Structure formats: structure tokens, C-alpha cells
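Notes follow once the structure below has been shown.
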Amino acid sequence: FSPDGGILASAGGDQTVQLWNAEDGRPLATLQGHTSDVLSVCFSPDGAILASSSNDNTIRLWDSQSGECLRLLGGHTNFVNSVCFSPDGTILASGSSDQTVRLWNPYDGRLLATLQGHTSDVMSICFSPDSSIVASGSNDQTVRLWDSHTGACLRVLGGHANFVNSVCFSPDGIILASGSFDQTVRLWDSRTGACLRLLEGQAGLIRSVGYSPDGTILASGSYDQTVRLWDSHTGACLRVLQGHTNPVSSVCFDPDGSVLASGSNDKAVRLWDSLTGA
């Protein structure tokens, strides 16, 4: 979602990025330029720029209003699986199957740092709310926390028994959630690295996790074709959202938390009422 909640961006296997009116579902624009599947999209904090990453090993920065491609970032030597802006807008992070995380200046395209340490594909990245930490989840079954200014690895979180496909900080930055192909979500204390809670019950590989803006709900999307909503404090499963006919690859709350978007391999994006599950 754009920061004002008005636009939803989605990406898929047709090499394009789609922009939708989040209110009524109307298609607004189709952004073309990537030469392979688009894997991740993210708006800048001011909503002016949309970043997209692709199996073509590149990142594209788009003007979210005009749809013009502002900049092409190359340097990764394999698929770019995830892109994320820092909350203060000064850094764009990218995670790649070349086992690295790269930090970029989104305004001039300069490469600021290359973070090395993972021993397999980096599948997901996210920033802490204060922009000081970058978290990365990898097929090496670990989560790493990095200092976004120095590039130093602060902590390695191990415990998952399969690929870590998604990482997300709670809005207060204290908890880090990670979703894995081991069919679990783990909640970590980002300050100590302790695993605080293990969320189990999803019947398929977990592809995506995302917090509601108030931090009370955690959503997870799975290969079992469902989205689950969890109480982030107790770990109780609040609701199972059914309707997709293929694995759910992405979940995201809108800025006020009333709507949850889910993207699936069935080529559909669904918008759910986060309170009722409709």
C-alpha cells in the first residue's frame, strides 16, 4: 500500500507492476520494463517512489504518479527477491539470491554497502521503525540483524528448520517476526535475539508475514492457500481467511489496519476486512 492507503501495488510473473485504486479495485497503471518475473514492490515513505525487484537481477525505481522509470539499479548477480525502503526514506535495501543484502541511496542510485554473511539466497528484508537495523531472512534457515549505518552484523537468529521466507518488525521495533517453510512463525526479541513465541498451525509452507499498524495482529500467508491472523501478544489464531486457490505469497495491511491485502499464485489480489474476515 502507498502511505496514504490510496494505491495498492502488486507484482507477478508477467514482468509488470500493477497499480490499483485500493478503494474500488480499479487498475490505475501497468509499469513495464523488467525482463523477468517481478518479485517484490515497496513504496517510499512519502509515496513518491515505488521500488520493484525482479528475477532479471535488477531493481527499478518508478515515479508512482507518472509511472516513469526513474532509475535502474544493477549490481546483484542473481534474482533480487526483496526490496524495502527505510522508514526515514534515506536507504533502499535489497536482498538477493546472490546471498547478499545491498544498501542503496534511492535518490542518486549509489551503492552504500554490500552486507555479506548469509550462505544461501536472501529472501526477505525489512527495516526497524527507527531505520537503524536491517533484518534479512534467508534460505540458510537464519535471520540476520545488521546495523544499517555501518553494515555490521549485530546478531544471527537460528531456530527455523527450513528456509526463512519473510521477516517483519513490529511497529514498536521490539519484536521481529519470521515466517518459514518449516510451517511456523517465530517471534523474536530484536534486542536480545531470544525466541519469544512459536506460532504453529498453518498446514503449508509460510511465505509471508506482516504486522497490523497497531502491532496487535500478525498476518501470515501460506502454501496451504490461506491467510491466518494471529494475536501477536498471546499467539492465538484469531481467524483463517480462505478463498485463494493457490499458495499465498504476500500479505500486507493498509495504513490504518482496516484492510489486509493478500497476493497469490492464483493471479488474484484479495482485499479482506481485517476485523470480520470478509
Side-chain angles (χ1 to χ4, degrees), residues 1-34 36-44 47 49-55 59-60 62 64-65 67 79-85 123-126 165-168 177 179 202 204-213 217-230 238-278:
F1 282 96
S2 60
D4 65 4
I7 300 174
L8 181 71
S10 65
D14 62 358
Q15 307 178 11
T16 69
V17 177
Q18 299 284 340
L19 301 184
W20 311 85
N21 183 308
E23 193 69 32
D24 58 21
R26 283 184 299 112
L28 299 175
T30 300
L31 310 183
Q32 297 177 306
H34 283 294
S36 190
D37 297 2
V38 182
L39 301 174
S40 179
V41 288
C42 182
F43 281 96
S44 61
I49 300 173
L50 180 74
S52 61
S53 67
S54 168
N55 279 358
I59 300 154
R60 286 179 178 261
W62 312 84
S64 63
Q65 295 301 312
F79 303 160
V80 186
N81 298 307
S82 184
V83 285
C84 184
F85 280 95
M123 300 304 296
S124 179
I125 48 175
C126 69
N165 287 289
S166 186
V167 288
C168 182
Q202 211 125 27
L205 316 177
I206 295 176
R207 187 66 184 84
S208 182
V209 292
Y211 272 98
S212 62
I217 299 173
L218 182 73
S220 60
S222 169
Y223 275 40
D224 67 7
Q225 306 176 13
T226 71
V227 177
R228 283 184 181 246
L229 302 184
W230 309 85
L238 302 173
R239 188 166 284 114
V240 179
L241 309 182
Q242 296 176 305
H244 284 296
T245 58
N246 258 297
V248 179
S249 52
S250 183
V251 291
C252 181
F253 283 92
D254 75 345
D256 69 9
S258 63
V259 176
L260 177 75
S262 59
S264 167
N265 291 6
D266 61 16
K267 302 181 182 179
V269 176
R270 287 178 178 260
L271 302 185
W272 310 85
D273 185 307
S274 62
L275 293 178
T276 67

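Please read all numbers here as calculations on a predicted model, not as lab measurements.
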(Q) Between S54 and Q15, is the side-chain contact (heavy atoms from CB on, under 4.5 Å) condition met? List the steps. (A) CA-CA 8 Å; S54 168; Q15 307 178 11; over 6 Å; no
Q) Do L8 and L271 come close enough that some side-chain heavy atom pair is under 4.5 Å? A) yes
(Q) Quick check for you: to the nearest 0.5 Å, what is the distance between S53 atom OG and I125 atom CD1? (A) 8.0 Å
Q. Taking all atoms of both residues into account, what is the closest heavy-atom pair of A177 and Y211, and its distance?
A. CB-CE1, 3.8 Å
Q. Going by atom types only, do H34 and T16 share a side-chain donor-acceptor pair under 3.5 Å?
A. no
Q. If you look at every heavy atom in S208 and S249, which pair is closest and at what distance?
A. CB-O, 3.6 Å
Q.
I need the minimum non-hydrogen distance between D4 and G6, along with the two atoms involved.
A. OD1-N, 2.9 Å
**Q.** Among I217, L229, D273, side-chain contact (heavy atoms from CB on, under 4.5 Å) partner for L260
**A.** L229
Q | Nearest atoms (heavy-atom pairs only) where A51 meets V83 | A | O-CG2, 3.9 Å
**Q.** V248 side chain reached by T226 side chain, heavy atoms, under 4.5 Å
**A.** no
Q) Hey, are the side chains of R239 and W272 touching, using non-hydrogen atoms and a 4.5 Å cut-off? A) no
**Q.** Inter-residue atom distance F253.CZ - L218.CG, 0.5 Å rounding
**A.** 7.5 Å
Q) Distance from L238 atom CG to L275 atom CG, nearest 0.5 Å? A) 10.5 Å
Q | Spacing of CG belonging to L50 relative to CD1 belonging to I7, to within rounding of 0.5 Å | A | 9.0 Å
Q) So which of L31, L39, V41 actually passes side-chain contact (heavy atoms from CB on, under 4.5 Å) with S52? A) V41
Q) Do we see a donor-acceptor contact under 3.5 Å between the side chains of T245 and Q225? A) no
(Q) Please report the interatomic distance CH2(W20) to OG1(T30), rounded to the nearest 0.5 Å. (A) 7.5 Å
(Q) Less than 4.5 Å apart, side chain to side chain, heavy atoms only: is that true for H244 and S262? (A) yes
**Q.** side-chain contact (heavy atoms from CB on, under 4.5 Å) assessment of S40 paired with N81
**A.** CA-CA 6 Å; S40 179; N81 298 307; over 6 Å; no
Q | For S220, the option from Q202, R228, R207 that meets side chain to side chain donor-acceptor pair (under 3.5 Å) | A | Q202
Q) Would you say S274's side chain and S258's backbone share a donor-acceptor pair under 3.5 angstrom? A) yes
Q: Search all heavy atoms of C252 against all heavy atoms of F1 and return the closest pair with its distance.
A: O-CE1, 3.6 Å
(Q) Under a 3.5 Å distance rule, please check whether S82 uses its side chain to pair with a backbone N or O of S124 as donor and acceptor. (A) no
Q) Of the non-hydrogen atoms in P255 and P213, which two are nearest, and what is the gap between them? A) O-CG, 3.2 Å
**Q.** R270 and S264, any side-chain heavy atoms less than 4.5 Å apart
**A.** no
Q. Side chains of I49 and F85: closer than 4.5 Å at any heavy-atom pair?
A. yes
Q | Straight-line distance of N265 CG to Y223 OH, nearest 0.5 Å | A | 6.0 Å
**Q.** Side-chain heavy-atom pair D37, F79 within 4.5 angstrom cut-off
**A.** no
